2 protein chains.
Amino acid sequence: MSPGVGSAKGSRTQEERSAATRQLLLDATVDCLVRYGYAGTTTTRIAELAGVTRGALVHHFPSRADLVSAAVRHLASKRAEVAFARLEALRGSADPIPAALDMLWEVHQGSVFLATAELWVAARADATLAEQVDRFEPMVTGTLMEFSRALFPVLAGHPEFRHWLYTSMDVIRGILVSDPAGHEPDRLARRWQRARRHLLLLAEVLFDRVGPASATR
Amino acid sequence: MSPGVGSAKGSRTQEERSAATRQLLLDATVDCLVRYGYAGTTTTRIAELAGVTRGALVHHFPSRADLVSAAVRHLASKRAEVAFARLEALRGSADPIPAALDMLWEVHQGSVFLATAELWVAARADATLAEQVDRFEPMVTGTLMEFSRALFPVLAGHPEFRHWLYTSMDVIRGILVSDPAGHEPDRLARRWQRARRHLLLLAEVLFDRVGPASATR
DNA sequence: CTAACTACATGCAAGTCTGTATGTATGTGG
DNA sequence: CCACATACATACAGACTTGCATGTAGTTAG
């Protein structure tokens, strides 16, 4: 008899067990990156956080590099997923420009981006890690662009839309990495408000939405 | 008898010796951060790179944290120094806006910013390090603002100038951290060209320079 | 000139991390 | 039901790292 998917825990198929612990380990790795930084992301700690023994970890990821590589991929799909969810909520928004901007900001909040930042920086010193990042980063950005253009057809036509999104992402990332640990949420919010205003102004110029009477033209 | 400042090496005053090795160690720390990342910045490696024994290192910096804290301060003054040098070269520039932008970009090239980025990210997981960063970061930005306003008096008056500089810095930092190790210098250059164009457009809007002489200057 | 102090060197102890080797349990195909 | 494979656990070895304790050379003060 087939034990059925998701039967309590008495008997799971090998593949289920395997997938479950792999997921546990990958999530723990992300958690570790966020809480202890790349330097503090050790196999011991990851196993502990995942609630599995170090032996299990080694079984699935023979070397630490294997685990981190897998984490890169894991994070990439997680980011794409988060972005997609946010984008869906904005479908058919009346004023897509500010909406897209806020969406971008929200996408970069939370642990997923923090872990990614750790990997970006660490990749500079680790060639194989850099290769992994290089391979999966376009996937995230590509997905985001794809959906953005699908959801904002009015803007999608404009050739500058893509560039504007890139610049917006760069601003957000610059703010977040140079902020000391988000120690002061107020300061962070103020920085974003300033940048947001600038990005909206830029959008007006780029997309020719200044219309007949916005500023002296 | 005074042995004279900078006498070869036969006899240096204690203070000279001390300062020299401290400088050596701090520079080696920065070098280590750039080449091996925060995780790879170990006291052993730093001492080796500095060309001194590990004993000398612990003599000057009893704990690793002490050394890193000192490195934060060291990097801060180094960055201020670099910025100042670049700014001086731009004194009385005819077209200060693009000049300031290029200056900012150049200031963020090189090892100084890379090391700083390592510390920013690492500070998220290390409370004492975060405190240090929090203390010396305003110094750098403050110095840069101060000199910028002194050198570009025309712009300094405009209340948006300061904000625009901040946004520009954020863009630059976002580009640099999210670039995988500068593997492809072309891509990096393209990203900067795009952002630069956007920032110039933004400046036109902010500073009301769209007027009759937008292109002719 | 000597005593004391500072700068530096060497060696060691304790801890941690990674990778491996070997043992055990739990599914799985015949 | 049985051989086998896969998932996981435990134990250990080697290579780090950090911090300390002790020893030595060079410098300064009286």
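Since the structure is predicted, the reported quantities are computational estimates derived from the model, not experimental observations. We name chains A, B, ... by the order of the sequence lines, and we start the count at 1 in each one.
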Does the side chain of [X] get closer than 4.0 angstrom to OP1 or OP2 of [N] through an N or O atom?
X: B:Thr43; N: D:dT18; answer: yes
X: B:His59; N: C:dC8; answer: no
X: A:Thr53; N: D:dT10; answer: no
X: B:Thr21; N: C:dC8; answer: yes

Nearest listed nucleotide, side chain of [X], among [options]:
X: A:Arg64; options: D:dC8, C:dT18, C:dG27; answer: C:dT18
X: B:His60; options: C:dC8, D:dA7, C:dC17; answer: C:dC8
X: B:Ser63; options: C:dT18, D:dT17, D:dG19; answer: D:dG19
X: A:Thr13; options: D:dC8, D:dT18, C:dG27; answer: C:dG27

Between A:Arg173 and B:Asp170, is there a salt bridge with N-O shorter than 4.0 Å?
->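 A:Arg173 and B:Asp170: not salt-bridged.
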Between [atom2] of [N] and [atom1] of [X], the distance in whole Å:
X: A:Tyr36; N: C:dT16; atom1: OH; atom2: C1'; value: 15 Å
X: A:Phe61; N: C:dC17; atom1: CZ; atom2: C1'; value: 18 Å
X: B:Asp66; N: D:dC20; atom1: CG; atom2: P; value: 10 Å
X: B:Leu67; N: D:dT17; atom1: CG; atom2: C1'; value: 14 Å
X: A:Arg45; N: C:dT16; atom1: CZ; atom2: C1'; value: 10 Å
X: A:Glu48; N: C:dT18; atom1: CD; atom2: C1'; value: 16 Å
X: B:Glu16; N: D:dT27; atom1: CD; atom2: P; value: 10 Å
X: A:Ile46; N: C:dT18; atom1: CD1; atom2: P; value: 8 Å

Evaluate the side-chain contact (heavy atoms from CB on, under 4.5 Å) criterion for residues A:Thr141 and A:Met169: first the C-alpha distance (whole Å), next the side-chain angles of each, then the deciding distance (0.1 Å), finally the verdict.
-> CA-CA 10 Å; A:Thr141 315; A:Met169 278 198 283; 4.0 Å; yes
Could you check B:Thr42 against B:Arg17 and say which one's nearest nucleotide on DNA chain D is further toward the 5' end?
-> B:Thr42
For A:Leu75 and A:Ala115, work out which heavy atoms get closest and say how close.
->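 The answer is CD1-CB, 3.5 Å.
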Where is the tightest heavy-atom contact between B:Leu26 and B:Ala71, given as atom of each residue plus distance?
-> CD2-N, 3.8 Å
Hey, which of these two, B:Arg54 or A:Val58, hits DNA chain C nearer its 5' end, going by closest nucleotide?
->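 The residue mapped nearer the 5' terminus is B:Arg54.
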Side chains of residues 30-41 of chain A: which donor-acceptor partners sit under 3.5 Å, not counting sequence neighbours?
from    : atom 1 : to      : atom 2 : distance (Å)
A:Asp31 : OD2    : A:Arg35 : NH1    : 3.0
A:Tyr38 : OH     : A:Arg64 : NH2    : 3.0
A:Thr41 : OG1    : A:Gly37 : O      : 2.7

